[in-house]
Amino acid sequence: MKNRIIKKTLLSGAVALAFIACSDTWDSHYSVDTNMGSNTNETLWDIISSDTSLTEFAGVLKEAGYDTILNGSRYYTVWAPTNGFLSQAENDGVLTDSTVVYEFIQNHIADYSHLGTGTLMQNKVKMHNEKLIDFVGTTGNYTFKNVAVTKANVPAKNGIIHHIGRNGEYAQFTPNIWEYLDKDTTISIFRDFIKSYTKREIDPVLSVQGPMVNGKVTYLDIVWQESNPWWSAIGELNNEDSSYTMIIPTNKAWNEMYEMAKSYFVFDARTETEEADSLQDMWAKEYMCRHLVFSNTIQKNREDSLISNYIGSRLSVLPTVFRYDEMNALFADEVDKEELSNGSVHIVDKLNYSPIKCWHDTIKVQGESLGYNEEYNDDNNASTRIQTHYLSKSDSIRLSNNAYAAFIPLRSSGNIDATYLIPSTLSAKYRIKVVLAPAAVQNTSLVYGDTTLLKPTKLKATLYYPDEKGKSKNTKLGTYVRGGYNRLSPYALDTIILNPDVDEFKGKFSDEDYTFTFKSNEAKISAELETMTKLKISSDVSSSQRKDYDRTLRIDCIILEPVE
């Protein structure tokens with residue numbers, strides 16, 4: 001039984017790939033120019049094995065079973081290294097049992113006829129290992145991957161042979177980015193993580209089935225297909241037709257960033273300890289890997305910025321972009337750089353990107369997200385009604401999502417409140433903001449009429465969140481008087497930074513200084529668990545203050561702004 005591996009790019013890794021069945025009728029690629037010489041009755045193997053300048057190459061081919069392949073009916077072009085390459089190839093490690101076929105033999109053989117005639121410019125040949133190699137030059141002066149062609153167009157009945165190398169050179173193997181990960185021991189932690197997602201499955205279409213044995217399918221020839229979700233998530237790093245720039249952390253850089261990253265994914269006691277540890281490890285590592293790859297084909301100006309190739313960034317209206325200083329920081333601790341067959345890798349000893357850029361995101365909850373809510377609108381005894389107001393883009397007020405929610409009191413006394421779920425908080429630091437729409441947005445005639453009707457709003461806020469034990473806690477976030485004709489322009493949005501309502505804070509810090517740190521993460525909790533993080537915004541007008549304050553809450557949005 002034969003075993004073969006084909007990745008998503010049909011990358012072959014075994015000799016048996018050459019035995020794939022083919023039609024008896026070949027197209028013009030397979031035709032032989034009978035005027036080229038007298039060897040057209042001999043096979044490629046006949047000619048190579050009898051040529052005293054190719055004895056080293058012939059020995060490698062025979063050891064790997066390619067004497068049979070080159071003696072068959074399928075048509076190939078072979079760039080044959082002349083004697084003297086053997087010691088260098090052994091030192092390069094391409095002649096081991098695991099590498100000789102893919103990294104050496106298939107790097108010198110291609111399907112079809114590739115003649116050296118006339119001028120060849122920008123002529124890339126797809127080899128058996130899928131590598132694209134330059135075969136260029138003019139008559140008598142051709143090169144194959146920068147190695148001199150010393151004799152061109154030797155004909156055989158099943159192909160063409162070109163001799164290459166004057167001083168023991170051969171076409172050295174250049175890995176793609178995916179292959180390179182296995183070749184550098186300094187990046188083994190990153191490699192082991194990203195390759196742990198690889199799946200290896202039998203391809204039922206390309207594999208050759210044998211007889212049924214005990215009710216199970218057997219195979220005479222197996223083709224394995226490999227897949228990895230990271231290929232679609234950050235880039236087809238195994239694809240020879242792609243081109244990327246990739247930042248890869250050394251083990252030292254990985255460990256340093258991992259210790260910080262996992263602090264953002266602390267699960268509270270609602271999640272079993274073993275599961276919590278596993279989830280923390282997985283999400284920290286996944287987010288660390290998201291913005292390491294940059295497609296060389298989509299960059300608008302590589303001198304000024306780099307656009308992340310992470311799928312979320314590619315599909316987003318606002319992709320993750322590393323501007324000039326951020327971009328330069330990515331490469332600041334570079335310890336090695338390798339040019340590969342589908343791009344370049346930059347090995348760094350420190351991952352110089354900000355968590356805010358990569359996973360510590362801004363959280364925005366739209367005021368109108370409460371929408372039609374039974375608690376407010378269907379209860380005959382309700383004290384509050386919600387109205388959602390939409391503005392056109394031509395309006396002078398620039399609301400988030402061009403809409404806001406108005407919480408309108410239905411009784412002459414008492415205060416109202418609006419409670420919003422805050423999803424996906426990390427165990428991290430945020431600045432909490434509430435953006436209010438002005439009273440004039442509901443009644444623009446107020447601007448030109450009796451402006452004394454523009455009363456300020458007096459409100460307070462309370463933040464609810466889980467502690468490390470998964471129990472609900474709350475923090476009061478102060479009382480605020482906002483808006484009104486004397487405070488703000490009638491059309492101005494009013495952004496409040498919420499501060500804790502505690503004596504130790506008052507008078508000691510500015511709004512910008514205040515941040516709130518969540519002890520546990522709710523971004524990646526199980527679907528069975530309810531989000532406990534909420535913000536309750538309440539009007540705070542006493543009966544004696546009703547003539548001076550507006551009890552209506554007009555909420556544009558709530559913002560949790562990440563802080564380093």
Side-chain angles (χ1 to χ4, degrees), residues 1-21 98-99 101-103 106-107 126-132 173-184 187-209 216-249 254 278-279 281-298 308-316 340-343 345 524:
M1 178 178 69
K2 304 185 188 78
N3 290 282
R4 293 177 275 154
I5 296 176
I6 298 183
K7 298 181 181 177
K8 280 189 174 180
T9 58
L10 298 183
L11 179 64
S12 65
V15 177
L17 271 178
F19 291 105
I20 295 174
S98 61
T99 61
V101 172
Y102 177 66
E103 296 190 8
Q106 292 184 353
N107 212 47
K126 178 168 282 191
M127 311 308 292
H128 268 193
N129 57 9
E130 300 290 318
K131 300 296 177 182
L132 298 173
F173 174 80
T174 302
N176 59 41
I177 294 174
W178 191 252
E179 293 162 346
Y180 177 82
L181 298 182
D182 291 319
K183 295 182 177 295
D184 189 335
I187 59 173
S188 60
I189 301 178
F190 167 78
R191 176 202 64 212
D192 291 347
F193 171 71
I194 205 167
K195 288 207 169 187
S196 69
Y197 288 80
T198 300
K199 290 185 178 179
R200 188 171 182 261
E201 300 173 311
I202 292 175
D203 189 316
V205 177
L206 295 178
S207 298
V208 179
Q209 290 191 12
K216 296 182 179 180
V217 176
T218 64
Y219 291 90
L220 300 175
D221 185 11
I222 294 179
V223 173
W224 297 95
Q225 185 178 66
E226 288 187 355
S227 62
N228 190 301
W230 284 104
W231 294 344
S232 58
I234 60 176
E236 296 180 358
L237 306 180
N238 61 324
N239 190 343
E240 297 293 334
D241 294 324
S242 300
S243 180
Y244 301 103
T245 297
M246 185 173 186
I247 306 292
I248 303 180
W254 175 274
S278 176
L279 289 171
D281 177 76
M282 179 185 72
W283 287 116
K285 291 175 178 177
E286 188 198 275
Y287 275 91
M288 285 170 60
C289 295
R290 286 187 173 185
H291 300 297
L292 298 176
V293 178
F294 308 91
S295 170
N296 293 331
T297 60
I298 68 171
S308 168
N309 201 55
Y310 175 64
I311 186 171
S313 184
R314 298 197 300 271
L315 300 178
S316 174
L340 305 174
S341 63
N342 62 347
V345 295
K524 298 300 178 182

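What you see below is based on every heavy atom in this structure, not just the backbone, and it leaves out hydrogens, waters and symmetry mates.
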Legend entry - With sequence neighbours excluded, residues passing side-chain contact (heavy atoms from CB on, under 4.5 Å) with S341: K131, T174, N176, E240

Legend entry - Contacts of type side-chain hydrogen bond (donor to acceptor under 3.5 Å, both in side chains), residue D184, not counting sequence neighbours: Y180, T186

Inset, instruction - Taking salt bridge (charged side-chain N to carboxylate O under 4.0 Å, His left out) as the test, write out the residues that go with R290, two or more places apart. - result: E286

Legend entry - Candidate pair I248 and L181, rule side chain to side chain contact (heavy atoms under 4.5 Å, CB included), full reasoning: CA-CA 9 Å; I248 303 180; L181 298 182; 3.6 Å; yes

Legend entry - L340 side, atom CG; T245 side, atom OG1 - distance, nearest 0.5 Å: 10.5 Å

Inset, instruction - Rounded to the nearest 0.5 Å, what's the gap from CD1 on I194 to CD1 on I189? Could you check? - result: 14.0 Å

Inset, instruction - Would you please classify the geometry between the H291 ring and the Y310 ring as parallel, tilted or perpendicular, with 30° and 60° separating the classes? - result: perpendicular

Legend entry - Contacts of L132 that satisfy side-chain contact (heavy atoms from CB on, under 4.5 Å) - sequence neighbours left out: K124, K126, D241

Inset, instruction - Report the distance from atom OH of Y197 to atom CH2 of W231, rounding to the nearest 0.5 Å. - result: 15.0 Å

Inset, instruction - For S196, enumerate each residue passing the side-chain hydrogen bond (donor to acceptor under 3.5 Å, both in side chains) test, keeping only those at least two apart in sequence or located in another chain. - result: none

Inset, instruction - Could you list the residues that satisfy side-chain contact (heavy atoms from CB on, under 4.5 Å) with L279, not counting sequence neighbours? - result: F267, T271, E275, M282, W283

Inset, instruction - Please say whether the positively charged group of K195, taken as NZ for Lys or CZ for Arg, lies over the ring of W178, i.e. under 6.0 angstrom from the six-membered ring centre and within 45 degrees of the axis. - result: yes

Inset, instruction - With rounding to the nearest 0.5 Å, note down the distance linking CG in L237 to CG in N309. - result: 9.0 Å

Inset, instruction - Could you pull out all residues at least two apart from K524 that satisfy salt bridge (charged side-chain N to carboxylate O under 4.0 Å, His left out)? - result: none

Legend entry - Smallest separation among heavy atoms of T198 and N228, with atom names: OG1-ND2, 2.8 Å

Inset, instruction - Taking the side chain as every heavy atom from C-beta outward, state whether I247 and F294 have any atom pair closer than 4.5 Å. - result: yes

Inset, instruction - For D281, enumerate each residue passing the side-chain hydrogen bond (donor to acceptor under 3.5 Å, both in side chains) test, keeping only those at least two apart in sequence or located in another chain. - result: Y258, K285

Inset, instruction - Would you check if F190 and M288 make a side-chain contact, meaning some heavy-atom pair closer than 4.5 Å? - result: no

Legend entry - Reported CG-to-CZ distance for the pair N129 and F173, which is rounded to 0.5 angstrom: 6.0 Å

Legend entry - All side-chain hydrogen bond (donor to acceptor under 3.5 Å, both in side chains) counterparts of S243, not counting sequence neighbours: N296

Inset, instruction - Kindly compute the distance separating CZ (F193) from SG (C289), expressed to the nearest 0.5 Å. - result: 5.0 Å

Inset, instruction - Not counting sequence neighbours, which residues clear side-chain contact (heavy atoms from CB on, under 4.5 Å) with S242? List them please. - result: E236, N239, Y244

